[in-house]
Amino acid sequence: MNQDIEKRIGRNIRILREKKGMTQENLSAKLQIEGCDITRSAIAKIEVGQRHLYPDELILIKTILKASYEEILDA
């Protein structure tokens, strides 16, 4: 994937997460409860575009943040 796109998607996730008043730790904990084995460090890397976002993670993040795909993927 294009590095610039990954950075923008990560930024969108960070913005949506912060609007919900959630920390990276909160988000990773909620993802883990839903069966997605992801650490706070992985969330941090996604938010700065250093780690790919897998489809199952995207679906759960969308659900947890109550966001649309457009809000997350709008590059």
Side-chain angles (χ1 to χ4, degrees):
M1 189 183 271
N2 180 302
Q3 183 72 23
D4 290 332
I5 293 172
E6 288 188 358
K7 285 182 181 179
R8 283 182 270 168
I9 290 170
R11 183 197 67 226
N12 292 343
I13 290 171
R14 179 184 52 79
I15 290 167
L16 291 164
R17 176 183 58 74
E18 289 175 347
K19 282 183 181 178
K20 295 288 183 183
M22 294 176 67
T23 65
Q24 291 173 342
E25 190 68 38
N26 296 144
L27 180 55
S28 71
K30 288 181 181 284
L31 286 163
Q32 289 173 14
I33 289 168
E34 295 297 325
C36 185
D37 188 23
I38 190 168
T39 63
R40 187 218 51 85
S41 176
I43 297 291
K45 288 179 180 178
I46 289 168
E47 289 184 354
V48 296
Q50 292 179 348
R51 180 186 176 284
H52 295 293
L53 180 63
Y54 295 99
D56 58 332
E57 295 168 344
L58 172 61
I59 292 165
L60 285 173
I61 288 171
K62 174 194 173 292
T63 301
I64 291 167
L65 296 178
K66 296 178 175 57
S68 67
Y69 288 115
E70 290 79 15
E71 289 174 298
I72 294 172
L73 300 176
D74 184 34

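Values below: every heavy atom of this structure, side chains too, minus hydrogens, waters and symmetry copies.
- By the side-chain hydrogen bond (donor to acceptor under 3.5 Å, both in side chains) test, E18 pairs with R14, sequence neighbours left out.
- Annotation: the span from S41 atom OG to Q24 atom CD amounts to 8.5 Å, rounded to 0.5 Å.
- Under a 3.5 Å cut-off, the side chain of Q32 and the backbone N or O of I38 do form a donor-acceptor pair.
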- Message: Using the rule given for side-chain contact (heavy atoms from CB on, under 4.5 Å), can you reason through L16 versus K20, listing the C-alpha separation, both sets of side-chain angles and the distance that settles it, and then say yes or no?
- Response: CA-CA 6 Å; L16 291 164; K20 295 288 183 183; 5.9 Å; no

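- Between S28 and T39 there is no side-chain heavy-atom pair separated by less than 4.5 Å.
- Hydrophobic clustering (ILVMFWY, side-chain heavy atoms < 4.5 Å, transitive): L53 and V48 are in distinct clusters.
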Name every donor-acceptor pair, under 3.5 Å, that has one atom in a side chain of residues 59-66 and the other anywhere in the protein, sequence neighbours excluded.
unit_1	atom_1	unit_2	atom_2	d
T63	OG1	I59	O	3.0

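- Remark: side-chain polar atoms of E6 are not paired, donor with acceptor, to backbone N or O of H52 under 3.5 angstrom.
- Under a hydrophobic-cluster definition in which Ile, Leu, Val, Met, Phe, Trp and Tyr are linked whenever side-chain heavy atoms come within less than 4.5 Å, directly or via other members, I9 and Y54 are assigned to different clusters.
- A donor-acceptor pair is defined here as one N or O able to donate and one able to accept, closer than 3.5 Å; no such pair exists between the side chain of E34 and the backbone of L31.
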- Task: Could you check L58 against Y69 for side-chain contact (heavy atoms from CB on, under 4.5 Å), going step by step and ending with a plain yes or no?
- Result: CA-CA 9 Å; L58 172 61; Y69 288 115; 4.0 Å; yes

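- Residue D4 qualifies as enclosed at atom CG: its count of foreign heavy atoms under 6.0 Å is above 12.
- Under the 4.0 Å criterion applied to side-chain N and carboxylate O atoms, E57 and R51 are assigned as salt-bridge partners.
- The CG atom of L27 sits 4.5 Å away from atom CE of M22, with the distance rounded to the nearest 0.5 Å.
- Listed by chain and residue number, N26 satisfy the side-chain hydrogen bond (donor to acceptor under 3.5 Å, both in side chains) test with T23 (two or more places apart in sequence, or in another chain).
- N12 places no side-chain N or O within donor-acceptor distance of the main-chain N or O of L73, the cut-off being under 3.5 Å.
- Distance alone, capped at 3.5 Å, is enough to place a donor-acceptor pair between the E71 side chain and the S68 backbone.
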